[in-house]
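Structure, as C-alpha coordinates:
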Number of protein chains: 2
Amino acid sequence: MTTILADCKTKMTNLNLKAIDEQLRDAGLKPTRQRIAIADILFRDGHKHVSAEDLHEEVKKSNIHVSLATVYNTLHQFTTAGLLQEVSVDGAKTYFDTNTHEHQHFFLEDTNEVMDLEGISIDKDDIANVPDNMEIVRIDVVVRLREKSSKA
Amino acid sequence: MTTILADCKTKMTNLNLKAIDEQLRDAGLKPTRQRIAIADILFRDGHKHVSAEDLHEEVKKSNIHVSLATVYNTLHQFTTAGLLQEVSVDGAKTYFDTNTHEHQHFFLEDTNEVMDLEGISIDKDDIANVPDNMEIVRIDVVVRLREKSSKA
DNA sequence: ATTTGTGCAAATCGTTTGCATCTGA
DNA sequence: TCAGATGCAAACGATTTGCACAAAT
(Lines give C-alpha, C1' and ligand atoms only; values in the text may rest on other atoms or scores of the structure.)
Protein backbone atom coordinates (compact mmCIF):
# COMPACT_ATOMS: atom_id res chain seq x y z
CA MET A 1 0.00 0.00 0.00
CA THR A 2 2.46 2.58 -1.15
CA THR A 3 0.79 5.89 -1.53
CA ILE A 4 2.33 9.06 -2.74
CA LEU A 5 2.33 10.14 0.85
CA ALA A 6 5.07 7.75 1.81
CA ASP A 7 6.98 8.90 -1.22
CA CYS A 8 6.81 12.50 -0.15
CA LYS A 9 7.66 12.14 3.47
CA THR A 10 11.37 12.45 2.97
CA LYS A 11 11.05 15.76 1.25
CA MET A 12 8.44 17.36 3.42
CA THR A 13 9.16 19.52 6.36
CA ASN A 14 5.62 19.49 7.62
CA LEU A 15 4.99 17.18 10.50
CA ASN A 16 1.37 16.57 9.76
CA LEU A 17 1.51 15.44 6.20
CA LYS A 18 -1.37 13.18 7.04
CA ALA A 19 -3.50 16.18 7.84
CA ILE A 20 -2.69 17.82 4.52
CA ASP A 21 -3.55 14.62 2.76
CA GLU A 22 -6.91 14.51 4.46
CA GLN A 23 -7.59 18.17 3.88
CA LEU A 24 -7.03 17.69 0.19
CA ARG A 25 -9.24 14.64 0.03
CA ASP A 26 -11.95 16.43 1.92
CA ALA A 27 -11.76 19.18 -0.66
CA GLY A 28 -12.19 16.60 -3.38
CA LEU A 29 -8.62 17.07 -4.58
CA LYS A 30 -6.31 14.19 -5.26
CA PRO A 31 -3.26 14.56 -3.07
CA THR A 32 -0.69 14.69 -5.81
CA ARG A 33 3.00 15.35 -5.45
CA GLN A 34 2.56 18.94 -6.58
CA ARG A 35 -0.41 19.75 -4.41
CA ILE A 36 1.21 18.27 -1.38
CA ALA A 37 4.38 20.25 -2.00
CA ILE A 38 2.38 23.43 -2.33
CA ALA A 39 0.21 22.73 0.69
CA ASP A 40 3.30 21.96 2.70
CA ILE A 41 4.85 25.31 1.87
CA LEU A 42 1.65 27.21 2.44
CA PHE A 43 0.60 25.69 5.71
CA ARG A 44 3.75 24.60 7.51
CA ASP A 45 4.52 27.97 9.06
CA GLY A 46 2.17 30.58 10.37
CA HIS A 47 -0.05 32.57 8.12
CA LYS A 48 1.33 33.55 4.76
CA HIS A 49 0.55 35.88 1.92
CA VAL A 50 1.84 34.77 -1.44
CA SER A 51 1.49 35.62 -5.06
CA ALA A 52 1.54 32.84 -7.61
CA GLU A 53 4.99 33.91 -8.70
CA ASP A 54 6.29 33.95 -5.12
CA LEU A 55 4.95 30.52 -4.45
CA HIS A 56 6.35 29.15 -7.68
CA GLU A 57 9.78 30.35 -6.64
CA GLU A 58 9.43 28.69 -3.28
CA VAL A 59 8.32 25.41 -4.73
CA LYS A 60 11.29 25.40 -7.07
CA LYS A 61 13.53 25.23 -4.04
CA SER A 62 12.01 21.93 -3.03
CA ASN A 63 12.88 18.98 -5.21
CA ILE A 64 9.52 18.80 -6.82
CA HIS A 65 8.92 20.38 -10.17
CA VAL A 66 5.66 22.29 -10.42
CA SER A 67 4.78 24.39 -13.43
CA LEU A 68 3.53 27.92 -12.98
CA ALA A 69 0.21 26.94 -14.51
CA THR A 70 -0.23 24.27 -11.88
CA VAL A 71 0.58 26.76 -9.16
CA TYR A 72 -2.21 28.96 -10.44
CA ASN A 73 -4.61 26.06 -10.72
CA THR A 74 -3.79 24.87 -7.26
CA LEU A 75 -4.14 28.28 -5.68
CA HIS A 76 -7.60 28.60 -7.14
CA GLN A 77 -8.61 25.10 -6.16
CA PHE A 78 -7.45 25.72 -2.62
CA THR A 79 -9.35 28.97 -2.56
CA THR A 80 -12.53 27.30 -3.76
CA ALA A 81 -12.02 24.65 -1.14
CA GLY A 82 -11.84 27.31 1.55
CA LEU A 83 -8.20 26.67 2.40
CA LEU A 84 -7.12 30.07 1.11
CA GLN A 85 -8.54 33.52 0.61
CA GLU A 86 -7.82 35.96 -2.16
CA VAL A 87 -6.66 39.42 -1.19
CA SER A 88 -7.09 42.42 -3.46
CA VAL A 89 -4.61 44.97 -2.32
CA ASP A 90 -3.06 46.36 -5.38
CA GLY A 91 -4.02 46.25 -8.99
CA ALA A 92 -1.32 44.20 -10.60
CA LYS A 93 -0.90 41.01 -8.60
CA THR A 94 -3.29 38.74 -6.78
CA TYR A 95 -2.29 37.60 -3.34
CA PHE A 96 -3.51 34.54 -1.51
CA ASP A 97 -3.81 34.39 2.23
CA THR A 98 -3.64 31.26 4.35
CA ASN A 99 -5.61 33.01 7.04
CA THR A 100 -9.24 32.51 6.16
CA HIS A 101 -10.68 34.00 9.31
CA GLU A 102 -12.10 37.48 9.42
CA HIS A 103 -9.20 39.85 9.56
CA GLN A 104 -7.77 42.81 7.73
CA HIS A 105 -4.52 43.74 6.05
CA PHE A 106 -1.64 46.08 6.06
CA PHE A 107 -0.16 46.73 2.65
CA LEU A 108 3.38 48.05 2.54
CA GLU A 109 3.53 50.25 -0.51
CA ASP A 110 7.31 50.34 -0.56
CA THR A 111 7.79 46.61 -0.78
CA ASN A 112 4.39 45.33 -1.94
CA GLU A 113 4.15 43.19 1.15
CA VAL A 114 0.90 42.10 2.72
CA MET A 115 0.60 41.64 6.48
CA ASP A 116 -2.22 40.54 8.70
CA LEU A 117 -3.94 43.07 10.87
CA GLU A 118 -6.22 41.76 13.55
CA GLY A 119 -8.25 43.93 15.81
CA ILE A 120 -10.40 46.20 13.76
CA SER A 121 -13.63 44.99 12.39
CA ILE A 122 -16.64 46.57 10.83
CA ASP A 123 -20.09 45.40 11.68
CA LYS A 124 -22.13 44.59 8.62
CA ASP A 125 -25.08 46.24 10.30
CA ASP A 126 -23.23 49.54 10.32
CA ILE A 127 -23.23 49.71 6.54
CA ALA A 128 -26.00 51.94 5.36
CA ASN A 129 -27.53 52.12 1.90
CA VAL A 130 -26.96 48.54 0.88
CA PRO A 131 -29.34 48.05 -2.04
CA ASP A 132 -31.99 45.70 -0.72
CA ASN A 133 -31.62 43.01 -3.34
CA MET A 134 -27.96 42.81 -2.40
CA GLU A 135 -26.11 41.14 0.38
CA ILE A 136 -22.69 41.83 1.82
CA VAL A 137 -20.22 39.16 0.84
CA ARG A 138 -17.27 40.53 2.68
CA ILE A 139 -15.81 43.75 3.99
CA ASP A 140 -12.18 44.29 3.12
CA VAL A 141 -10.04 46.77 4.93
CA VAL A 142 -6.56 47.60 3.70
CA VAL A 143 -4.33 49.90 5.67
CA ARG A 144 -1.68 51.24 3.32
CA LEU A 145 1.66 51.95 4.90
CA ARG A 146 4.74 53.75 3.76
CA GLU A 147 8.12 54.32 5.29
CA LYS A 148 8.02 57.56 7.19
CA SER A 149 10.77 59.34 5.30
CA SER A 150 10.06 58.30 1.73
CA LYS A 151 7.91 60.59 -0.35
CA ALA A 152 7.45 58.58 -3.54
CA MET B 1 -5.06 85.30 -28.21
CA THR B 2 -6.72 82.16 -29.44
CA THR B 3 -6.04 79.33 -27.10
CA ILE B 4 -7.17 75.79 -27.47
CA LEU B 5 -9.82 76.65 -24.96
CA ALA B 6 -11.85 78.71 -27.38
CA ASP B 7 -11.53 75.96 -29.88
CA CYS B 8 -12.95 73.41 -27.52
CA LYS B 9 -15.85 75.35 -26.20
CA THR B 10 -18.28 74.26 -28.85
CA LYS B 11 -17.77 70.62 -28.07
CA MET B 12 -17.71 70.80 -24.33
CA THR B 13 -20.68 70.28 -22.13
CA ASN B 14 -18.98 71.52 -19.04
CA LEU B 15 -19.86 75.03 -18.06
CA ASN B 16 -16.64 75.81 -16.33
CA LEU B 17 -14.13 74.95 -18.98
CA LYS B 18 -12.07 77.77 -17.63
CA ALA B 19 -11.82 75.97 -14.32
CA ILE B 20 -10.61 72.81 -16.01
CA ASP B 21 -8.04 74.78 -17.88
CA GLU B 22 -6.76 76.30 -14.69
CA GLN B 23 -6.82 73.03 -12.86
CA LEU B 24 -4.66 71.49 -15.54
CA ARG B 25 -2.26 74.39 -15.55
CA ASP B 26 -2.01 74.28 -11.79
CA ALA B 27 -1.11 70.64 -12.09
CA GLY B 28 1.62 71.53 -14.54
CA LEU B 29 -0.22 69.94 -17.41
CA LYS B 30 -0.73 71.63 -20.72
CA PRO B 31 -4.42 71.91 -21.43
CA THR B 32 -4.49 69.96 -24.66
CA ARG B 33 -7.54 68.96 -26.63
CA GLN B 34 -7.35 65.42 -25.30
CA ARG B 35 -6.82 66.31 -21.68
CA ILE B 36 -9.64 68.80 -21.76
CA ALA B 37 -11.97 66.27 -23.32
CA ILE B 38 -11.07 63.73 -20.67
CA ALA B 39 -11.37 66.22 -17.83
CA ASP B 40 -14.72 67.32 -19.14
CA ILE B 41 -16.08 63.79 -19.10
CA LEU B 42 -14.64 63.01 -15.72
CA PHE B 43 -15.71 66.11 -13.88
CA ARG B 44 -18.87 67.38 -15.51
CA ASP B 45 -21.25 65.13 -13.59
CA GLY B 46 -21.10 63.93 -10.04
CA HIS B 47 -18.47 61.52 -8.87
CA LYS B 48 -17.46 58.79 -11.24
CA HIS B 49 -15.57 55.54 -11.21
CA VAL B 50 -14.00 54.60 -14.49
CA SER B 51 -11.55 52.14 -15.89
CA ALA B 52 -9.24 53.27 -18.66
CA GLU B 53 -11.21 51.18 -21.12
CA ASP B 54 -14.52 52.70 -19.97
CA LEU B 55 -13.20 56.19 -20.29
CA HIS B 56 -11.74 55.51 -23.68
CA GLU B 57 -15.17 54.39 -24.87
CA GLU B 58 -16.74 57.53 -23.51
CA VAL B 59 -14.21 59.81 -25.11
CA LYS B 60 -14.78 58.14 -28.44
CA LYS B 61 -18.34 59.40 -28.33
CA SER B 62 -17.16 62.96 -28.27
CA ASN B 63 -15.66 64.25 -31.48
CA ILE B 64 -12.13 64.19 -30.19
CA HIS B 65 -9.86 61.29 -30.94
CA VAL B 66 -7.83 60.12 -27.99
CA SER B 67 -5.72 56.98 -28.10
CA LEU B 68 -5.94 54.43 -25.33
CA ALA B 69 -2.33 55.09 -24.42
CA THR B 70 -3.13 58.74 -23.89
CA VAL B 71 -6.09 57.83 -21.73
CA TYR B 72 -3.76 55.82 -19.52
CA ASN B 73 -1.20 58.57 -19.43
CA THR B 74 -3.78 61.15 -18.59
CA LEU B 75 -5.38 59.10 -15.85
CA HIS B 76 -2.02 58.71 -14.18
CA GLN B 77 -1.13 62.35 -14.59
CA PHE B 78 -4.46 63.38 -13.08
CA THR B 79 -3.91 60.97 -10.23
CA THR B 80 -0.47 62.35 -9.53
CA ALA B 81 -1.92 65.83 -9.65
CA GLY B 82 -4.48 64.85 -7.01
CA LEU B 83 -7.47 65.20 -9.31
CA LEU B 84 -8.20 61.47 -9.17
CA GLN B 85 -7.69 58.57 -6.86
CA GLU B 86 -6.94 55.00 -7.75
CA VAL B 87 -9.23 52.34 -6.37
CA SER B 88 -8.07 48.76 -5.91
CA VAL B 89 -11.15 46.67 -5.72
CA ASP B 90 -10.53 43.63 -7.79
CA GLY B 91 -7.49 42.15 -9.36
CA ALA B 92 -7.86 42.65 -13.06
CA LYS B 93 -8.74 46.25 -13.71
CA THR B 94 -7.75 49.52 -12.12
CA TYR B 95 -10.49 52.01 -11.41
CA PHE B 96 -10.10 55.74 -11.00
CA ASP B 97 -12.35 57.76 -8.76
CA THR B 98 -13.14 61.44 -9.18
CA ASN B 99 -13.97 61.64 -5.50
CA THR B 100 -10.69 62.30 -3.75
CA HIS B 101 -12.15 62.87 -0.33
CA GLU B 102 -12.07 60.25 2.37
CA HIS B 103 -14.76 57.75 1.58
CA GLN B 104 -15.20 54.06 1.01
CA HIS B 105 -16.54 51.81 -1.70
CA PHE B 106 -19.10 49.24 -2.52
CA PHE B 107 -18.01 46.74 -5.12
CA LEU B 108 -20.71 44.85 -6.96
CA GLU B 109 -19.22 41.48 -7.70
CA ASP B 110 -21.88 40.60 -10.24
CA THR B 111 -21.29 43.59 -12.47
CA ASN B 112 -17.82 44.80 -11.45
CA GLU B 113 -19.27 48.18 -10.58
CA VAL B 114 -17.79 50.53 -8.03
CA MET B 115 -20.00 52.79 -5.94
CA ASP B 116 -19.25 55.37 -3.31
CA LEU B 117 -20.07 54.63 0.26
CA GLU B 118 -19.98 57.48 2.67
CA GLY B 119 -20.61 57.15 6.33
CA ILE B 120 -18.19 54.68 7.78
CA SER B 121 -14.72 55.72 8.62
CA ILE B 122 -11.88 54.24 10.55
CA ASP B 123 -9.78 56.36 12.80
CA LYS B 124 -6.10 56.01 12.08
CA ASP B 125 -5.49 56.02 15.80
CA ASP B 126 -7.50 52.85 16.14
CA ILE B 127 -4.98 50.90 14.12
CA ALA B 128 -2.69 49.01 16.41
CA ASN B 129 0.69 47.54 15.59
CA VAL B 130 1.72 49.98 12.92
CA PRO B 131 5.48 49.49 12.67
CA ASP B 132 6.92 52.68 14.07
CA ASN B 133 9.00 53.63 11.06
CA MET B 134 5.83 53.48 9.02
CA GLU B 135 2.98 55.86 8.52
CA ILE B 136 -0.54 55.23 7.33
CA VAL B 137 -1.07 56.51 3.83
CA ARG B 138 -4.69 55.60 3.50
CA ILE B 139 -7.26 53.16 4.81
CA ASP B 140 -9.31 51.51 2.11
CA VAL B 141 -12.57 49.83 2.88
CA VAL B 142 -14.36 47.81 0.22
CA VAL B 143 -17.76 46.34 0.93
CA ARG B 144 -18.34 43.53 -1.54
CA LEU B 145 -21.91 43.04 -2.58
CA ARG B 146 -23.70 40.32 -4.47
CA GLU B 147 -27.25 39.84 -5.64
CA LYS B 148 -29.12 38.00 -2.97
CA SER B 149 -30.13 35.01 -5.02
CA SER B 150 -26.97 34.35 -7.03
CA LYS B 151 -24.51 31.86 -5.62
CA ALA B 152 -21.58 32.19 -7.98
C1' DA C 1 11.43 77.38 -32.03
C1' DT C 2 11.08 74.68 -28.16
C1' DT C 3 9.11 71.97 -25.22
C1' DT C 4 5.64 68.85 -24.26
C1' DG C 5 2.00 65.73 -25.61
C1' DT C 6 0.08 62.22 -28.72
C1' DG C 7 -0.63 58.00 -31.56
C1' DC C 8 0.66 53.82 -33.01
C1' DA C 9 2.40 49.41 -32.64
C1' DA C 10 5.29 46.47 -30.33
C1' DA C 11 6.60 44.93 -25.78
C1' DT C 12 5.55 43.43 -21.09
C1' DC C 13 3.36 41.41 -17.15
C1' DG C 14 0.27 38.53 -14.77
C1' DT C 15 -2.82 35.08 -15.66
C1' DT C 16 -5.57 31.57 -18.36
C1' DT C 17 -6.32 27.96 -21.62
C1' DG C 18 -5.90 23.92 -24.92
C1' DC C 19 -4.23 19.81 -25.45
C1' DA C 20 -1.11 15.89 -25.35
C1' DT C 21 0.90 13.29 -21.77
C1' DC C 22 1.34 11.39 -17.31
C1' DT C 23 -0.17 9.73 -12.49
C1' DG C 24 -2.55 8.03 -8.60
C1' DA C 25 -5.99 4.98 -6.79
C1' DT D 1 -7.97 1.10 -16.14
C1' DC D 2 -9.30 5.75 -16.32
C1' DA D 3 -10.69 9.97 -14.30
C1' DG D 4 -8.26 13.49 -13.08
C1' DA D 5 -3.84 16.29 -12.89
C1' DT D 6 0.20 18.27 -15.03
C1' DG D 7 3.32 20.74 -18.29
C1' DC D 8 4.13 23.34 -21.98
C1' DA D 9 3.45 26.83 -25.07
C1' DA D 10 0.36 29.68 -27.06
C1' DA D 11 -3.44 32.94 -26.11
C1' DC D 12 -5.06 36.68 -23.40
C1' DG D 13 -6.35 41.20 -21.35
C1' DA D 14 -4.74 45.15 -19.12
C1' DT D 15 -1.19 48.23 -19.04
C1' DT D 16 3.42 50.30 -20.56
C1' DT D 17 6.87 51.92 -23.52
C1' DG D 18 9.67 53.69 -27.60
C1' DC D 19 9.76 56.63 -30.99
C1' DA D 20 8.31 59.51 -34.98
C1' DC D 21 5.01 63.08 -35.54
C1' DA D 22 1.99 66.91 -34.05
C1' DA D 23 0.52 70.66 -31.22
C1' DA D 24 0.66 74.38 -27.61
C1' DT D 25 3.01 78.43 -25.96
Side-chain angles (χ1 to χ4, degrees), chain A residues 1-9 17 20-22 24-39 50-57 59-60 62 64-81 84 86-96 112, chain B residues 1-8 17 20-22 24-25 27-39 50-57 59-60 62 64-81 84 86-96 112:
Chain A
M1 201 238 193
T2 305
T3 79
I4 186 154
L5 254 194
D7 199 46
C8 285
K9 275 194 177 123
L17 244 192
I20 289 181
D21 184 87
E22 268 157 30
L24 291 179
R25 277 175 207 288
D26 287 351
L29 300 170
K30 256 187 212 167
T32 63
R33 239 171 265 282
Q34 291 76 343
R35 298 215 264 235
I36 290 173
I38 289 174
V50 294
S51 67
E53 211 77 53
D54 291 344
L55 184 54
H56 191 219
E57 282 308 311
V59 182
K60 272 186 191 163
S62 75
I64 295 152
H65 173 91
V66 184
S67 76
L68 184 54
T70 297
V71 171
Y72 274 104
N73 288 338
T74 305
L75 283 171
H76 288 136
Q77 291 153 353
F78 282 15
T79 301
T80 304
L84 293 176
E86 258 184 83
V87 188
S88 304
V89 276
D90 201 45
K93 275 184 186 170
T94 303
Y95 291 83
F96 293 84
N112 279 28
Chain B
M1 201 239 193
T2 305
T3 79
I4 186 159
L5 255 195
D7 199 45
C8 284
L17 245 192
I20 289 180
D21 185 87
E22 268 157 30
L24 292 179
R25 276 176 208 288
L29 300 170
K30 259 187 211 166
T32 64
R33 239 171 267 281
Q34 289 78 342
R35 298 215 264 233
I36 290 173
I38 289 173
V50 295
S51 66
E53 210 78 51
D54 291 343
L55 184 53
H56 191 219
E57 282 309 310
V59 181
K60 271 185 191 162
S62 76
I64 295 151
H65 173 92
V66 184
S67 77
L68 184 54
T70 298
V71 171
Y72 274 104
N73 288 338
T74 306
L75 282 171
H76 287 135
Q77 290 153 353
F78 282 14
T79 301
T80 305
L84 292 176
E86 258 184 83
V87 188
S88 304
V89 276
D90 201 46
K93 274 184 184 168
T94 303
Y95 291 83
F96 294 84
N112 278 30

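These numbers were taken from a predicted model, which means no experiment stands behind them. All chains are named by letter (A, B, ...) in the order of the sequence lines, taking the proteins before the strands, and each is independently numbered beginning at 1.
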Looking only at heavy atoms, what is the nearest atom pair of B:Ile36 and B:Pro31, with distance? CD1-O, 3.7 Å
For A:Glu53, enumerate each residue passing the salt bridge (charged side-chain N to carboxylate O under 4.0 Å, His left out) test, keeping only those at least two apart in sequence or located in another chain. none
Any donor-acceptor pair under 3.5 Å linking the side chain of A:His56 with the backbone of A:Ala69? no
Tell me whether B:Glu57 is salt-bridged to B:Lys60, with the criterion being a basic N under 4.0 Å from an acidic carboxylate O. yes
What is the distance, to the nearest angstrom, from the CD1 atom on A:Ile64 to the P atom on D:dA5? 17 Å
Measure the spacing between CG of B:Asn112 and OH of B:Tyr95 and express it to the nearest 0.5 Å. 4.5 Å
Five-pair end axes of the helix from C:dA1-D:dT25 to C:dA25-D:dT1 and the angle they enclose, rounded to 10°: 20°
How many whole angstroms separate atom CG of B:Leu55 from atom C1' of D:dT15? 15 Å
Can any side-chain N or O of B:Thr79 pair as donor or acceptor with the backbone N or O of B:Leu75 at less than 3.5 Å? yes
What nitrogen or oxygen pairs link the protein and nucleotides 1-5 of chain C at under 3.5 Å?
residue : atom : partner : partner atom : Å
C:dT3   : O2   : B:Lys30 : NZ           : 3.3
C:dT4   : O4'  : B:Lys30 : NZ           : 3.0
C:dG5   : OP1  : B:Arg35 : NH2          : 2.6

How long is the line joining CG of A:Leu24 and C1' of D:dG4, in whole Å? 14 Å
Residues that B:Phe96 engages under ring-ring contact (aromatic ring centres under 6.0 Å, His included), provided they are two or more places apart: B:His76
Sorted by chain and number, sequence neighbours left out, salt bridge (charged side-chain N to carboxylate O under 4.0 Å, His left out) with A:Glu86 holds for none
For B:Glu57 and D:dG13, give me the distance from atom CD to atom P, rounded to whole Å. 15 Å
According to a strict under-4.0 Å criterion, is A:Arg33 in side-chain N/O contact with OP1 or OP2 of D:dA5? no
Whole-Å distance separating the CZ atom of A:Arg25 from the P atom of C:dG24: 12 Å
A:Ile38 CD1 - D:dA5 C1' separation (whole Å): 12 Å
Is there a donor-acceptor pair under 3.5 Å between the side chain of B:Arg35 and the backbone N or O of B:Leu29? no
Give a yes/no on whether any side-chain N or O of B:His56 is located under 4.0 angstrom from OP1 or OP2 of C:dG7. no
Donor + acceptor pair across side chains of B:Ser51, B:Asp54 (<3.5 Å): yes
Length of the line joining B:Leu75:CG and D:dA14:P, which is rounded to integer Å: 14 Å
Sugar-phosphate means primed atoms, P, OP1 and OP2; the rest is base. With that split, encode nucleotides 11-20 of chain C 5' to 3' as B, S or - using protein heavy atoms under 4.0 Å. ---SBBB---
Rounding to 0.5 Å, atoms CG (B:Leu24) and OG1 (B:Thr32) come to a distance of 7.5 Å
